[in-house]
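So you know, we letter chains A, B, ... as the sequences are listed, proteins then strands, and number each from 1.
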Amino acid sequence: MNVFKLFKERVRALLDQAAAAGRLPAGLDHGRVEVEPPRDPTHGDLACNAAMVLAKAAGQAPRALAQLLIEGLALDPAVESAAIAGPGFVNLRLKDEFWRQRLVDILAAGIAYGDSDIGAGQRVNVEYVSANPTGPMHVGHARGAVVGDVLAAVMEKAGFAVAREFYINDAGAQVDTLAESAYLRYLEARGETIPASAFEGLYPGDYLKPVGAELAKIYGDEWRGSGRETRLGPMREHAVRAMMGLIKADLERLGVRHAVFASERALHQAGRVEAVVKRLADQDLVYTGVLDPPKGKPPEDWEPRPQLLFRASKFGDDIDRPLKKSDGAWTYFAADMAYHLDKLERGFERMVDIWGADHAGYVKRMKAAVAALSGGRAALEIRLCQMVNLFDRGQPVKMSKRSGSFVTLADLIEEVGRDVVRFIMLTRKSDAQLDFDFAKAVEQSKDNPVFYVQYAHARGRSVLRQTGFDRERLLRAPLGRLTSAEEMALIRLLAGWPRLVEGAALAQEPHRVAFYLHDVAGQFHGLWNRGNDDPAQRFIVAGDDELTLARGALVQAMVDVVASGLAVMGVTPVEELR
RNA sequence: GCGCCCGUAGCUCAGUUGGAUAGAGCACGGACCUUCUAAGUCCGGGGUCGCAGGUUCGAAUCCUGCCGGGCGCGCCA
């Protein structure tokens, strides 16, 4: 149960009653009415802005309207007190008993606590990772993978029907370069000596050596001395399949699973790119024209050239965008339009793409394309992930793609573990740069958020193991024994989990889950520390089984909420710390 | 030159889609402590939310213009 939503409904019901009784004009728009936790907890548990938002339309002073509301709210059995404050806030304090009952909700639901139906089963397509199949995944890919995966999970928890997709960029010049690189490794496997200089402009990484060996095993000398055009197809096919194998293994290591892997090449082969361009042409959204040169940049090799363009500027983009390259091949953009049309045709009217920040320049044109292709019905959201900067004990880790010395995702997971990688990737909002320090990420200290949250879970589990309470018994705990301000604060925080899930899903901000769990852990550790000073405040109180049982219920609820949040993040909750 | 993102305490960052007196951790200053699971704990100082206008009951949040940083800018994906 989302407590805040519950009271928003109650406020709306009161407004409707008042309207029916003639005390308010009929048909007031309740759209901006909100019930939120007040920033300052001394103001109460809930704050409602209805009186201020509706004052003008209702033709009444905010405080008069607020008075009307608190008269009704005061009759609510869950309400301890209702008061007008400031410019017309309605502040509610709920009875402790009401809050304690939320522990029963949590214990009954367990890890499913926080599940919501706010998504109403709406189908959402989340496309993420979508790395070029030219090598193993590196650290930069990991952030998009985790952000996409956890966004998908939190939206599922909020009641959306989520499809997780990976778009394979297996067409274009880069996979041709891959094919030629694999060919050299093939020659090498047949005994030829290939100088390092031969890899100029190609992919020099060792990871293609097994592909060369495999090709040699299958084909023997068949392709030696062949022309580029004849060998390109088979080389490419093998190399791409092998690279997708590497990428899928990396995703598996990271615990990321996509339901659909969509191939760009398959779209080309099925004529889907021509089809999408024709569809736009039929709407008079395609023409042949000449773009202005980019301003401010010395246009050395720039020459005016007529090309096939999409009228992106009609849909909010700055300029129209090319669909064909000078060699007559379709641009990446044209194929990506075909892909997004494919998603639309599969019934997705809500789509999210997770991209690296270096693709920011493509956001407007892709949104323009979706607007054009869907007639404005479908929504495409694009979340950009900023760079990850690697550090080791505060020193930057140098990465160079050219020398092949970049840190792979597999290396990173080997070093710190999957759970740490996933958690740390969510310790910043995705559009801010993230510093990832190897050493700090595995440190057992308060400064390490992964440890801090896991430690709260482990401490909670330790208490529960010692007491041996099972869930049935905890559900019948005498919760009235929970009375301290700190215990009540933890309960309120835990009861905020459903609201957090909904907010993170709607705002598409998975990092909020990590920050929330950090707050819960902090509140719990604070409670624990009080027990260090005062044995009467420990969770296990010798000689008072009822109190121990009640506190056990609180601990179990904390454990459930943390486990629920970690499940969304794809991080394993630990029973104990080594 | 244009577009996008960012600018919040000395540092690293949150800020619940516009709420009340802007928060946390680190660092700093002071006091305490030796453990039900092992990160020590508690208290304190610290701010023109880049700058200037605007919108309204109310702005860190929305709009406009500047300043500063990052990324991108036809024939890469």
- request: For RNA chain B, produce a single dot-bracket line, 5' to 3'. Pairs: Watson-Crick or G-U wobble, both distances under 3.5 Å. Symbols: ( ) within strand, [ ] crossing, | other strand, . unpaired.
  value: (((((((..((((.....[...)))).(((((.......))))).....(((((..]....))))))))))))....

message: Measuring to OP1 and OP2 of B/C13, would you say a side-chain N or O of A/Arg428 lies under 4.0 angstrom away?
response: yes

- prompt: What is the glycosidic conformation of B/U17: syn, defined as within 90° of 0, or anti?
  reply: syn

message: Closer than 3.5 angstrom, by distance alone: can the side chain of A/Asn91 be matched with the main-chain N or O of A/Ala83 as a donor-acceptor pair?
response: no

Row check, A/Trp330 ring normal vs A/Lys325 NZ/CZ: under 6.0 Å, within 45°: no

query: Would you call A/Phe451 stacked on B/A39, i.e. ring centres under 5.5 Å apart with the planes less than 30° off parallel?
result: no

query: Considering residues, nucleotides and ligands other than A/Lys440, do more than 12 of their heavy atoms fall under 6.0 Å from its NZ?
result: no

query: Quick one: is A/Ser326 getting a side-chain N or O under 4.0 Å of the B/C75 phosphate, OP1 or OP2?
result: no

field: Short side-chain N/O contact from A/Lys325 to OP1 or OP2 of B/A77, under 4.0 Å
entry: yes

- request: Tell me which of A/Val363 and A/Ala507 sits closer to the 5' end of RNA chain B, going by the nucleotide each one is nearest to.
  value: A/Val363

message: Among B/G3, B/A20, B/C36, which nucleotide has an atom closest to any side-chain atom of A/His43?
response: B/A20

message: Ignoring hydrogens and geometry beyond distance, is a side-chain donor-acceptor pair present between A/Thr134 and A/Gln174 at under 3.5 Å?
response: no

task: Determine whether the side chains of A/Asp353 and A/Tyr167 contain a donor N or O and an acceptor N or O closer than 3.5 Å.
output: no

task: Would you indicate, yes or no, if B/C13 has its OP1 or OP2 atom less than 4.0 angstrom from a side-chain nitrogen or oxygen of A/Lys429?
output: no

query: Given the P atoms of B/G53 and B/A59, what is the spacing between them in whole Å?
result: 14 Å

